[in-house]
Chemist: 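Below is one structure. I have some questions about it.
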Amino acid sequence: MQFNNNPNQIFMMATQAHQKGQLIQAENLYRQVLQKIPDHPDALHLLGLVCSQQGKHYDAVQFIQKATFLNPQNPVFLNNLAEALNRKGDDILAINSFHQALKIAPDFAEAHFNLANVLKKLNKIEDAKWHYEQVIKFNPKHVSSYYNLGNLLREQGMFRSAMENYKKAVELNPNYVEAHNNLGATYRLFDETDEALEQYQIAYKLNPGSIEPVRNIMLVLEMQGKIEEAKQLYPQMLEAEPDNLPLRVHYEGMFNQIPFSNQQIDEYRNHLSKELEKYFDSNLHINWAKIHEHGGEPCSSTVYHGRDDKEIKAKYAKIYNKFIPHIELPSNNGKPHIGFVVTNGHEGVFIKCMRGILNNLPTEKFDITVVSNRPNGEKIIRPVITNPAIRFLNFSQIFTEAVNEILAARFDLLFYWEVGTDALNYFLPFCRLAPVQCACLGWPLTTGIPNVDYFVSSELLEPENGEEHYTETLIKLKRLPFYYYRPPVPELIKPKSAFAVNENQKIYLCAQNLRKLQPDFDNLASSILKKDKNGILLLVEDKQKNITQLLKNRLQTTVPDVIDRIRVLPRMEEIDYLSLVKNADVILDSVHYTGGANTSYDAFAAGTPIVTLPGKYHRGRYTYAAYKQMGIDDCISKDNEHYSELAVNIANNPELRQNISNKILQNCHHLFEDKAAVNQLSDFFEEKIFAQRTGF
């Protein structure tokens, strides 16, 4: 029986081969059909698809274009022509073809989907979003649209909406690995780490060969303070990425966020210091395009240990510094340009401490830009900026892109709010992105980085030998470098009973981040509660339940005789928290890393006394410095015993407490909205930029 002379049978054979993935055979058979019937629209269309699948995009366009000429009202032809044009790189022609298809068939879900993908690629976000929504309208079970729309919303910073779309995607397709992974990443942004961990574990089970879910699981376990569990995943990570230097360095720094004892702290630090030296001459690799995923910044826990971090920070910097390329800085001879750098997730504290500075710096003297991460940096910060001259530069999370974007802005001085709290804000200062680079109190210890020129502090904060603690040149301003707006302490406060405390009990409140409660704090708390049998110590839980539990476990061992009078309150809204601060008889400052601007300033605005013990390093001297700026010494203790005596005396002597409270309220105007701090920073910026430009 002869088939080769029958074009219909040849066409049938071609489609069968096409369906089986036998592309070369299908192409030959389609061409045989066209030799017999040159204007066969289906053969032209499918031959175009076969060519496109083989990467022959020019041929694909030619064949499908001819098919649409023969059948111009076929929306499928127009959709596939648009796809071929897109693959060929003719985006505008592709969009036109998609629109033609949708004009004929407005409910053509696949054309909406393909058009949305092209529009997203061209950064036409709102149009892409609308077309993804149309896909879902006409085909509610189109899984990829939920996933792609989730990605688009996530990139826009619309995280809750993104989460709902990822949830729908995994509901429709429980085996959708990428959707589970991205759903986990979105949960993580809200510190919903149990939910994030569940999604990452599902992604890993579905694709055990992928290393990304393993990395994410390790990250979440660390956030939860489950360090030993996280470490167990390290060999698997290392097997997949044996040359990943940041991964190895990160592993060396992993440590309990709630250390059990000072001995444990010292053993860890000695071990870490020695292990870091192994990487000084390393031939391992750094993938700069993925450094925001791989990490490698110094372990954040060391800041709470009450030790000098200069040596450790310098060792981290020595490991990485040789990998930093030399960058030629563009010149700027116009008005001095200053950039305030804040990375994703750190905008809240930046706003409280720096918005007053930004609103009051003289913009007739400087061009000032807030350099913040996409997608939400500007969205979070701009509403509190009243100075209309302040600009925004929204930079990428991807390190290599961020470097180019910041460099192009031609800054004279970059002021990094935090250096070392994430990979991006740690590695960016290694690059000389401005002639003058400064670190400051946002992360209160030296960076160790050679290209950071100055650390901006205050003479009120620094001990006599403060310069010895920094690799940077230490700048000691006369005032604390904040223009801080007075917190909205409520006039009517809730009673003690609202916090499960009897009216006759004395509240000793320590509302600090629980990671600041270094083991030395336990004895202070015990001493106070033993002296005041009617006292109760209130703490505020961490966002991570396990961190709270780790501290409870330690306290049950170190201070078992008073543990029944130590309570951990749930996290609360600001109005309730300020009411609690007002109710407290005494605020207990943490040691070694004391209350920073936020918690201390909240207490001062309420007139609540804070007992503090100044530490050896400036991060342990915030409250002390604030008292000195107010001219008040009553609550500054000399040693551990004096600390507990002061706390108990103030709590149990109403007249003394009221006297101190009055002093605070009468003098706290020296802290809030401090124009002198703005002027000092302005003078510093002007001096250093002038010196750099002139060489003097």
Side-chain angles (χ1 to χ4, degrees), residues 86 91 95 98 102 109-200 202-203 206 212-213 216 219-220 223 290 292-293 342-348 372-383 392-398 401-402 405 422 424:
N86 176 40
D91 294 328
I95 290 172
F98 282 130
L102 291 169
E110 199 62 29
H112 281 292
F113 178 73
N114 294 334
L115 175 55
N117 291 339
V118 175
L119 292 168
K120 182 177 182 295
K121 182 178 71 172
L122 297 175
N123 205 35
K124 296 183 177 182
I125 302 302
E126 290 304 316
D127 289 341
K129 181 181 174 184
W130 187 84
H131 283 285
Y132 283 131
E133 290 169 346
Q134 293 304 298
V135 181
I136 293 167
K137 174 183 176 181
F138 295 120
N139 183 1
K141 295 186 177 181
H142 197 286
V143 178
S144 295
S145 285
Y146 289 107
Y147 175 71
N148 285 11
L149 180 56
N151 289 341
L152 186 150
L153 292 166
R154 186 171 164 224
E155 290 168 12
Q156 286 188 295
M158 301 172 69
F159 299 124
R160 287 295 181 191
S161 296
M163 186 182 291
E164 293 308 310
N165 279 278
Y166 291 139
K167 285 180 179 178
K168 190 65 178 179
V170 298
E171 176 188 324
L172 291 169
N173 180 5
N175 296 325
Y176 202 153
V177 175
E178 293 82 5
H180 282 293
N181 192 68
N182 287 6
L183 177 55
T186 312
Y187 274 125
R188 198 177 76 206
L189 292 171
F190 293 100
D191 293 309
E192 296 173 11
T193 52
D194 289 339
E195 294 83 355
L197 188 60
E198 179 183 6
Q199 294 303 317
Y200 289 146
I202 293 172
L206 291 171
E212 184 177 2
N216 290 332
L219 177 62
V220 170
M223 289 176 67
K290 292 192 174 183
H292 62 293
E293 298 175 0
V342 56
T343 51
N344 184 46
H346 308 291
E347 298 92 350
S372 57
N373 268 136
R374 296 193 291 269
N376 278 343
E378 180 177 359
K379 190 185 303 182
I380 295 169
I381 299 169
R382 185 178 282 281
F392 280 81
L393 168 61
N394 304 311
F395 68 97
S396 172
Q397 287 273 28
I398 299 173
E401 295 178 3
E405 290 166 349
D422 60 45
L424 200 54

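Predicted model only: the values in this text are computed from it and were never measured.
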Chemist: Hey, what do you get for NE2 (H292) to CG (N344), rounding to the nearest 0.5 Å?
Modeler: 11.0 Å
Chemist: Hey, are the side chains of F190 and E195 touching, using non-hydrogen atoms and a 4.5 Å cut-off?
Modeler: no
Chemist: If you measure from OG on S145 to NE2 on H131, what distance do you get to the nearest 0.5 Å?
Modeler: 12.0 Å
Chemist: For residues F159 and P375, determine if any side-chain heavy atom of one lies less than 4.5 Å from a side-chain heavy atom of the other.
Modeler: yes
Chemist: For residues 175-184, run the donor-acceptor check on the side chains, cut-off 3.5 Å, and write out each pair with its distance to 0.1 Å, sequence neighbours left out.
Modeler:
residue: H180; atom: ND1; partner: Q199; partner atom: OE1; Å: 2.7
residue: H180; atom: NE2; partner: P174; partner atom: O; Å: 2.8
residue: N181; atom: OD1; partner: N216; partner atom: ND2; Å: 2.9
residue: N181; atom: ND2; partner: E212; partner atom: OE2; Å: 3.0
residue: N182; atom: ND2; partner: Y147; partner atom: OH; Å: 3.3
residue: N182; atom: ND2; partner: N151; partner atom: OD1; Å: 2.9

Chemist: Applying side-chain hydrogen bond (donor to acceptor under 3.5 Å, both in side chains), name anything that partners N117, two or more places apart in sequence or on another chain.
Modeler: Y132, N148
Chemist: Kindly give the heavy-atom pair with the smallest separation between F395 and A402, and that separation in Å.
Modeler: CD1-CB, 3.5 Å
Chemist: Rounded to the nearest 0.5 Å, how far apart are CD of E347 and CG of N376?
Modeler: 7.5 Å
Chemist: So how far is it from S144 OG to E110 CD, rounded to the nearest 0.5 Å?
Modeler: 8.5 Å
Chemist: Can you name the closest pair of heavy atoms from L119 and A128 and give their distance?
Modeler: CB-CB, 3.9 Å
Chemist: Run the side-chain hydrogen bond (donor to acceptor under 3.5 Å, both in side chains) test against E401 and tell me which residues pass, sequence neighbours left out.
Modeler: S396
Chemist: I need the minimum non-hydrogen distance between L152 and I125, along with the two atoms involved.
Modeler: CD2-CG2, 3.6 Å
Chemist: Keeping N165 on the side-chain end and G150 on the backbone end, is there a donor-acceptor pair under 3.5 Å?
Modeler: no
Chemist: Report the distance from atom CG of L172 to atom OH of Y146, rounding to the nearest 0.5 Å.
Modeler: 6.0 Å
Chemist: For D191, what residues pass the side-chain contact (heavy atoms from CB on, under 4.5 Å) criterion, not counting sequence neighbours?
Modeler: M223, K543, Q544
Chemist: Can you list every salt bridge (Lys or Arg N to Asp or Glu O under 4.0 Å) pair that touches residues 121-146, not counting sequence neighbours?
Modeler: D91-K121
Chemist: Can you run down the salt bridge (Lys or Arg N to Asp or Glu O under 4.0 Å) pairs that involve residues 159-176, sequence neighbours left out, and say none if there aren't any?
Modeler: R160-E192, E164-K167, K168-E171
Chemist: Measuring only between side-chain heavy atoms, which start at C-beta, is H142 closer than 4.5 Å to H112?
Modeler: no
Chemist: I need the N394 CG to E378 CD distance, nearest 0.5 Å.
Modeler: 4.5 Å
Chemist: Quick check: closest heavy atoms across A169 and V143, and the distance to 0.1 Å?
Modeler: O-CG1, 3.7 Å
Chemist: Side chains of I95 and L122, heavy atoms from C-beta outward: is any pair under 4.5 Å?
Modeler: yes
Chemist: Do L219 and Y200 have side-chain heavy atoms sitting under 4.5 Å apart?
Modeler: no
